[in-house]
Every structure is written in C-alpha cells, then in structure tokens.
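Notes follow the structure.
One-based numbering, in listed order, for ligands and for the atoms of each.
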Amino acid sequence: MLVPIPVEMKAGSGGFTITSGTVVVASGPAVAEARKLVDGLAPAMGCRLQLADGGEPRDGAIVLRIDESLRQLGDEGYQLDVAVNRVLITGPKPAGLFYGIQSLLQMLPPAVFRQAPVVGASWVVPCVSITDYPRFGWRGLMLDTSRHFMPKTFVLKLIDVLALHKFNSLQLHLTDDQGWRIEIKKYPKLTEVGAWRDETVVGHAGKKPWKFDGRPHGGFYTQDDLREIVGYAADRHINVVPEIEMPGHARAAIAAYPELGCHPDQPLKPWTVWGVCPDIYIPTDKTIGFVQDVLTEVLALFPSKIIHIGGDEATKEQWKASPVVQARIKELGLKDEDQMQSWFIKQMDTFLAQKGRRLIGWDEILEGGLAPGAVVMSWRGERGGIAAAKEGHDVVMAPTGWTYFDYYQGPPEKEPLAIGGNLPLKKVYEYEPIPKEMKPEEAKHILGAQCQLWAEYLPTTRQVEYMAFPRAAAMSEVLWSPAERKDYTAFLVRLAQDLKRLDILDWNYRKLDKE
Ligand code: ACM
C-alpha cells in the first residue's frame, strides 16, 4: 500500500518477518541509511536491531547496499527485493536506499509508526520485487512561516511526513510584510522589531471594515534552530530552500530599518492584514548591500544550491512617486520601474552566482529580462513557466490552480475559513506538471513542482496539517510516479492505508469525502 506508487512492483507470495533477531547489514555510505532503518523500527518493535558490516544477501537479514551498476535508476532510485528469508535494498546512492527504507516501512503495518512498543504485533513485509525512481527531481512543498510563525518542532514533524512521501525539497518562506522569521546577526532589529506584529485581522481580509484580534503575534528561528532544521532535513534527503523576499513583501524589514523603505520619515510596523502591501525596498546601494549581507548569513546556514529571492507582487507605486528612485532609474539608464526590478534581481543573481549558488524566484522575475542561470517558479498559472522554459530557464511549476494548498478543498460553507479558490484532492491528483504544448527540449527544463502552504488563514499548525494532507499525498504521486501509473480510484485505496499512518503520526489531515 505504497504512496507514491512505485515504477514497477511484482508481488510474490509469503513474507519476511522482522523480529528482534533480524540483523541489518550494510557497509560504507549505506551504514548511515541502515541506522535510520534501525531507528525507525526501534520504538514500535521495542528493540534495536543489530547492525552488521557487509553487503551480501543473507538469511534473516535486511541488507542495504550501494550498487553503482544501478546508475540508470538515478541518484534517488532503488530496488527493494523482499524474499521469505531476507530483504535486499540496493541503489546507486544513499538517497535511493533511504527511499527503499520508506517503502519498506510503508509495507509494514501502520503501527510501525507508533512511538512505544506495540504489544502482539507481527512485523511481516509481503514478498515483493520493486524497481523505483522518481519522475521529477524537484518534489517540493513550501511553508509560509511569516504570516503565522510555525514552531520548529512542527517543521521537523512536517519534514518527517514529507520524507515518508518521498518529497525532497522544503521551501521556507522566511520573510514577508507580516513577520521576519530568520535571525540575522548583523541586523538584530529584523527579529527584535520585524518578527512581531501588534495584532492580526480577524476573518477574511477581503471583507471590510477590518476587525483585529488585539493580540501580538510573532516568533523567529535562531540561526541554531535553522541549522537544526537543515540538518534534520538533510538526514532525510530533503533540501531546505530559504526564501528571502525582495523587493516587495518587505514591510517587516522596513519596519525594523526604515531607511530601507521609500518613506524613511514615516515609520511603519509589521503589517497586520493580508493582501499585497505597497511597501517596497528602495533600490539604493545601501539596500542592495543590506540584502546581500542578509544573503551572506543565509548562505552560511543553508547549503541549498538554489536560493529563493521571492520577486513576486512588487507594486511600483512608491517607486513611481519617489524622486530618489526616479533619479536612480535615470542614473542606471533604465527605462522604467519594471526594469528597475529586473536590475535589482540581477544584482542578486550575480551575487549568488559568485558564491556558487543559483537564484530562483516567482515568475515576475521574468519581467524586464532575467539572468541566464536563474530558475523560475511559475505560480500565476503555467504561462510563466512555459515562457521561461522557451528561454532556456529551468522551471518549478507552482500554479495556483493545482498547487495552492491554501485554497479550499471542499465547499467553503463546510470548510474552515481559507483564502478562497477550489482545489479538491482529485484535482491535485490529476495535475500534470508538463504542459501539453511543450516541446520535449522545453519539457527538460521542468524540474518538478511544489505545493504551497501560504499561511494567512492557517493560524495553527493543526490547520496547516489539515490543508497539507491528503493533498500532498496526491502530489507525491504526481511528482514521483510515472504518469501512466496514475489511477485515482486505485490511489484512494492506497490512500486509506496512508491515512492510517497519518492517524498514528497525529496528523490532522482532512477527511475524505464520501463518494
Ligand atoms: C505568490 O503567491 N504571491 C507567489
């Protein structure tokens, strides 16, 4: 009952029983993965299986082996062979072994995820032969920690369920108008001031007059917290992509350092409502220096090759009205405010490229021209992604209509308040990240796709859980499994088992509609 479904799976007869006497065998780089299997089984089994050195299949053992001859499976592929007398997990790289372990755990009774010994359980894995590898290399989910701060322990819990579903990328939206969530040593006011707002709008922000809850909201991750999150994710083969928004969605930073804004004489506070905020960084050398200082600390924390700089919804009214910005546009020989934004983003692209990283941004970064190595995250539908791929840019698909998990997943009158939209489970499952009109050479640029958990209307982690699953389970199959293996009815049967796992993991997923 695997989610996502593997590329190839042949069922055998009988099963392998894991007992306290089962030995886990591995050597070299496979040992770290083998330990994760031992750790994963220990609480529910009530014992730690013995680890032994080696790589050859043997009776009574679960063997994990790096096998470079399986290169054709790619860096994340694996084979899992379960016979009555032994289990063999092989793959060309450690990530593949890790995914083999996730499949093995999913084939055991869901109780294997309990955190204390399960009395009377029998840990039988049905005999099977699996060959598996992902369809896409970017299998992502984005968590907005700005609109509502998400405690570190929740981020770790989220990483666990993402790994179980073979996701490999977690984007943390760390800065926005309503809160700055990452400690920056050089600019302490970013978190002293920018991480806290006085109150929050109640109900839907589209409905005026606004009412407020009168309670402060805030929080931030220390650099040690972020190192912990990044390390925990890396252990689970998940890359954490930091997102630092610019030039718009910058009000919390401007509240901390008013000179970064277009009206330094009119101090601001972090925003207390939702929507597109007019406050934008002033594109002076000082601001560029500030943002690059911030990125320098970000790069030291996040080994991610790709760094997200936002770039979306930067409204230009303040730039239009500012004599300083107008003079800047002239001085740089630019045509207009769009070119000003493009110039801003290019400064970041050059900066990141010099440090050996790549820039990714929302699809607005295409406007006014984009540096060649930059990656585009297509959110305003797929048009941006299609245009970017035509220009030779790599693309991550994140279109609102299929990947915005802040949208309703059922009739609004029966659901908790959400931002709007309509994105039921089936629609997520039916998503195809490669647009039909794309030529094969363009399609090569589609790295994968990402689900978005914007958190304006997700005030609690329970609500984040509710919006994330089961839709993320559906997306895992879109991103991992071959398109021709997809079958919604069959998925629902496997999903029922997946939900039992989520029940045990105390995940507040949305219940399925009665068909
Ligand atoms: C976005 O939803 N503004 C990327």
(request) For Gln452 and Asp406, test the side chains for any donor-to-acceptor distance below 3.5 angstrom and give the result as yes or no. (result)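 Absent: no donor and acceptor within the cut-off.
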(message) Which residues pass the side chain to side chain donor-acceptor pair (under 3.5 Å) test with Arg139, not counting sequence neighbours?
(response)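 In terms of side chain to side chain donor-acceptor pair (under 3.5 Å), with neighbours along the sequence ignored, Arg139 is linked to Glu76, Tyr99.
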Once you restrict both partners to nitrogen or oxygen, which atoms of ligand 1 have a protein partner under 3.5 Å, and how far apart are they?
residue	atom	partner	partner atom	Å
ligand 1	2 (O)	Tyr404	OH	2.6
ligand 1	3 (N)	Asp312	OD2	2.6
ligand 1	3 (N)	Glu313	OE1	3.2

(message) Check for me whether the distance between the ring centres of His445 and Trp138 falls short of 6.0 Å.
(response)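 No: the rings miss the under 6.0 Å criterion.
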(message) Just checking His165 against Trp480, ring centres under 6.0 Å apart?
(response)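 No, the ring centres sit 6.0 Å or more apart.
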(request) Return the set of residues passing ring-ring contact (aromatic ring centres under 6.0 Å, His included) with Tyr232 (not counting sequence neighbours), or none when no residue passes. (result)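 Once residues adjacent in sequence are excluded, Tyr232 has no partner under the ring-ring contact (aromatic ring centres under 6.0 Å, His included) criterion.
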Under 3.5 Å, which donor-acceptor pairs link side chains of residues 296-309 to any protein atom two or more places apart or in another chain?
residue	atom	partner	partner atom	Å
Thr296	OG1	Gln292	O	2.8
Glu297	OE1	Lys185	N	2.6
Glu297	OE1	Gln223	NE2	2.8
Glu297	OE2	Lys185	N	3.4
Glu297	OE2	Lys186	N	3.0
Ser304	OG	Asn239	ND2	3.0
Ser304	OG	Ile306	N	3.2
Ser304	OG	Ile306	O	2.6
Lys305	NZ	Gly356	O	2.8
His308	ND1	Gly310	N	3.0
His308	NE2	Gln171	NE2	3.4

